[in-house]
Amino acid sequence: MSKKEQVEKHEFQTEVRELLQLMIHSLYSNPEIFVRELISNAADALDKVRFESISNPDLLKDNSELRIDVQVDEDKKQVVIEDTGIGMNHQDLMENLGTIARSGTKHFLKNLSGDAKKDVNLIGQFGVGFYSVFMVAAKVEVITRKAGESEAWAWTSEGTGEFSISSTEKDGRGTRIVVHLKDDDDSKEFASSWRVRSIIQKYSEFVTHPIYLETIEKPEEKSAEEDKKDDDVVDVPAGPERLNEKPALWRRNPNEVEAEQYQEFYSNVSGDYSGSPAATYSHSHIEGINEYWSLIYVPSKAPFGIFHSDRSHGLKLYVKRVFIMDDCKDLLPPWLRFVRGVIDSEDLPLNVSREILQNNRIINNIKNHVTKKTLESLQSLADDKPEEYAEFWKELGSILKEGFHMNWEWLDELKSLLRFNSTVVGTDKLTSLKDYVSRMRDEQKDIYYITGENLTTLEASPHLEAFKAKGFEVLYMADPIDEFMMGGLQDFEGKSFKDISRGDIALEKTAEEEASEKESQNEYSELCAALQKALDEDIETVRVTTRLKDSACVLTNKEDAMSAHMERLMTQMGQNNMPKSKRILEINPNHAINKKLLEKVKAKEDLGDWPTVLMGQALLAEGSPLPNPGLYVQAVTKLLS
Ligand code: ADP
């Protein structure tokens with residue numbers, strides 16, 4: 001058999017097979033997106049060849065136009081999508097379409113929500129869009145020739161377990177995808193040129209390459225007589241029709257772009273077609289020493305993978321309208337990595353590389369602009385539409401908080417974007433720092449906060465009792481990043497932040513309170529000493545406090561010690577060998593238990609299980625795990641019975 005006739009058969013990789021099953025059987029809810037995905041792949045392939053031709057002009061030497069051609073054959077029930085892009089060779093086909101599990105395949109399968117409509121609209125984000133074609137296709141042929149190579153390849157599959165590859169002929173570089181539609185009604189409807197045209201118009205208006213549509217109509221059923229008449233008339237093919245003619249959206253005058261168009265483009269750049277709009281956006285054309293266009297969006301939903309360590313950055317870089325790269329990290333600080341959009345520079349060289357971008361003056365200017373515009377848009381959203389801002393905050397606030405780490409430039413802007421739950425606004429509503437300060441009592445000097453695992457534990461924390469009694473608001477910080485953020489958040493409007501679980505917080509005590517505390521301290525000195533002796537391993541000091549109203553005791557930290565919450569976070573991150581800092585146990589002199597224990601000590605009775613129980617309660621109340629839960633349960637059971 002000659003090489004030309006050889007057909008290689010290959011199995012799809014397991015996860016790809018699983019994905020195909022899904023496409024064919026369950027995700028079948030919005031099949032039209034296959035057009036969008038194939039066109040977007042064609043546009044990417046055109047971007048790639050244009051970019052590579054900058055360093056290798058031979059790739060475009062046949063002078064063929066960079067374009068996408070769509071053909072609908074109503075009779076044969078076929079949709080053909082063809083591009084003059086980078087094309088694929090044998091190895092590319094194997095790697096991209098079938099045998100290798102791309103990381104997105106796994107992620108997509110893992111992140112399925114069960115809502116088919118939503119899931120299928122996210123496939124573009126996961127890099128598995130091509131396979132959506134099997135929602136409508138009985139068979140798909142990919143005929144492709146890589147730019148700069150002479151051999152062409154045909155990839156064919158029916159979307160079941162396997163695909164085949166064979167050598168073939170093709171004029172010029174690029175890829176032609178022939179979709180043979182299934183025979184069911186839902187699939188057949190795509191064999192209609194008005195249907196395909198309206199999909200392309202809906203999704204692909206923003207593709208920067210020309211898209212043409214050609215229709216091969218079904219020959220009409222004619223009577224024999226009509227047929228005879230027509231014999232003398234020569235059919236003139238209508239020829240392809242250009243579908244997208246406007247310049248790229250970001251190069252248009254902002255006054256001429258409608259809000260709806262901005263939101264459609266947002267779906268396009270973010271790959272999120274699930275219907276969640278951008279929370280806010282900003283479009284500008286900067287002229288001066290540098291000229292560039294910027295169109296940036298803040299998502300309302302956290303983009304996939306944003307919290308992972310290999311975080312994606314969302315800006316695309318163009319130079320003089322030529323696509324240069326996705327995911328351009330140098331255009332955004334890491335704490336704004338959720339921003340999506342396009343930067344198009346007139347001044348950067350076309351052959352710019354990732355290395356050149358680092359520490360490039362033009363790029364730094366643009367980064368500064370993008371940061372400023374993003375923070376301004378967020379501030380306007382917070383001022384004008386606080387409810388929408390709160391939604392954004394819930395989704396992405398924790399990434400913004402990373403901005404307090406190793407950053408000194410945008411602190412004021414960031415501080416005014418912070419939002420917290422608190423003892424006054426509760427756990428459903430949020431407060432800004434400005435509003436907190438406006439509610440501060442005259443005698444209150446500091447901004448109080450408490451950190452912990454979750455809002456429920458924080459709300460019930462004994463530490464809050466005295467603050468509530470005095471009418472001092474306390475901010476709740478239950479986000480793991482909050483502890484780290486507080487390292488960079490020193491003050492707000494000249495007021496410092498005070499963790500209420502630390503040290504002997506002064507709490508603006510009156511002279512009388514000071515005196516009565518001193519008196520109780522003397523009165524309770526014997527009980528303090530007895531508890532200290534029993535708990536010496538974990539406790540540095542036992543003392544009397546006025547900060548408690550209803551609870552018997554509470555644990556606090558020395559001013560310079562790591563907070564209990566921070567210690568738990570470090571342990572969770574695998575830092576097990578940290579020296580454990582001893583805590584301070586504070587007891588409430590007005591509580592019945594302590595009064596009773598004092599009597600016992602005075603009567604020289606043994607405290608028995610009481611120290612274990614008090615310590616256990618204090619640990620549980622702050623959300624810390626018990627070092628020996630069994631011992632605690634035994635002690636409580638004994639006392640109860
Ligand atoms: P994504 O495009 O999001 O990466 P797809 O599943 O749609 O994921 O496509 C997989 C890969 O196949 C693409 O990344 C690309 O390398 C290749 N590919 C798909 N369509 C084309 C095309 N028309 N021309 C060249 N390569 C293509």
Side-chain angles (χ1 to χ4, degrees), residues 12-13 15-20 22-23 27 33-53 59 64 66-71 79-109 111 119-135 137 140-149 152-157 159 163 165 170 172-179 203-204 207 209 211 267-273 303-305 312 314 316 323 325-327:
F12 280 115
Q13 193 271 344
E15 270 131 8
V16 176
R17 212 156 45 203
E18 229 178 288
L19 184 72
L20 284 168
L22 263 170
M23 290 296 170
L27 287 186
I33 64 143
F34 87 92
V35 178
R36 175 185 89 206
E37 295 300 325
L38 294 187
I39 293 224
S40 135
N41 282 349
D44 290 348
L46 290 164
D47 282 339
K48 274 186 209 155
V49 78
R50 184 160 61 175
F51 181 64
E52 286 191 16
S53 71
L59 292 181
S64 55
L66 293 169
R67 61 187 261 167
I68 300 171
D69 278 279
V70 180
Q71 206 183 57
V79 178
V80 180
I81 294 178
E82 178 159 17
D83 64 70
T84 50
I86 191 79
M88 286 178 274
N89 59 22
H90 187 275
Q91 187 187 351
D92 296 332
L93 278 173
M94 292 289 286
E95 287 178 5
N96 296 329
L97 304 184
T99 49
I100 301 200
R102 298 149 61 82
S103 65
T105 321
K106 254 189 217 140
H107 287 309
F108 178 67
L109 291 171
N111 284 279
D119 289 339
V120 82
N121 267 315
L122 288 172
I123 56 182
Q125 274 195 342
F126 290 86
V128 292
F130 171 78
Y131 300 111
S132 64
V133 69
F134 287 103
M135 291 191 289
V140 177
E141 288 173 90
V142 179
I143 295 122
T144 178
R145 179 169 147 194
K146 187 149 180 166
E149 297 184 12
W153 298 95
W155 175 105
T156 312
S157 176
F163 62 93
I165 298 185
K170 182 182 182 301
R173 60 157 202 276
T175 303
R176 178 165 68 240
I177 300 188
V178 184
V179 181
Y203 290 124
S204 309
V207 173
H209 307 278
I211 304 176
S267 300
N268 192 281
V269 282
S270 67
D272 180 351
Y273 286 96
F304 162 72
S312 65
K316 290 177 195 285
F323 171 80
M325 68 180 77
D326 270 321
D327 190 19

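Atoms within a ligand are numbered from 1 in the order they appear, just like the ligands themselves.
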What part of M88, side chain from CB on, backbone N/CA/C/O, both or neither, has a heavy atom under 4.0 Å from ligand 1?
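Just the side chain.
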
Using a 4.0 Å heavy-atom cut-off, say whether L38 meets ligand 1 through its side chain, its backbone, both or neither.
neither

Taking the side chain as every heavy atom from C-beta outward, state whether V79 and Q71 have any pair of such atoms under 4.5 Å apart.
no

Please examine the side chains of W155 and F163, heavy atoms only from C-beta on, and report whether any two atoms are closer than 4.5 Å.
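In short, these two side chains touch, coming nearer than 4.5 Å.
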
Evaluation steps, side-chain contact (heavy atoms from CB on, under 4.5 Å), between E141 and I177
CA-CA 6 Å; E141 288 173 90; I177 300 188; over 6 Å; no

Under 3.5 Å between some N or O of ligand 1 and some N or O of [X]?
| X | value |
| --- | --- |
| Y131 | no |
| I86 | no |
| D44 | no |

Take R67 and D83 through the test salt bridge (Lys or Arg N to Asp or Glu O under 4.0 Å) and record every step on the way to the result.
CA-CA 6 Å; R67 61 187 261 167; D83 64 70; over 6 Å; no

Side-chain H-bond candidate by donor/acceptor type, R145 with T175, under 3.5 Å:
no

Can you tell which of A45, S132, G271, A42 gets a heavy atom nearest to atom 24 (N) of ligand 1?
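Ranked by closest heavy atom to atom 24 (N) of ligand 1, first place is A45.
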
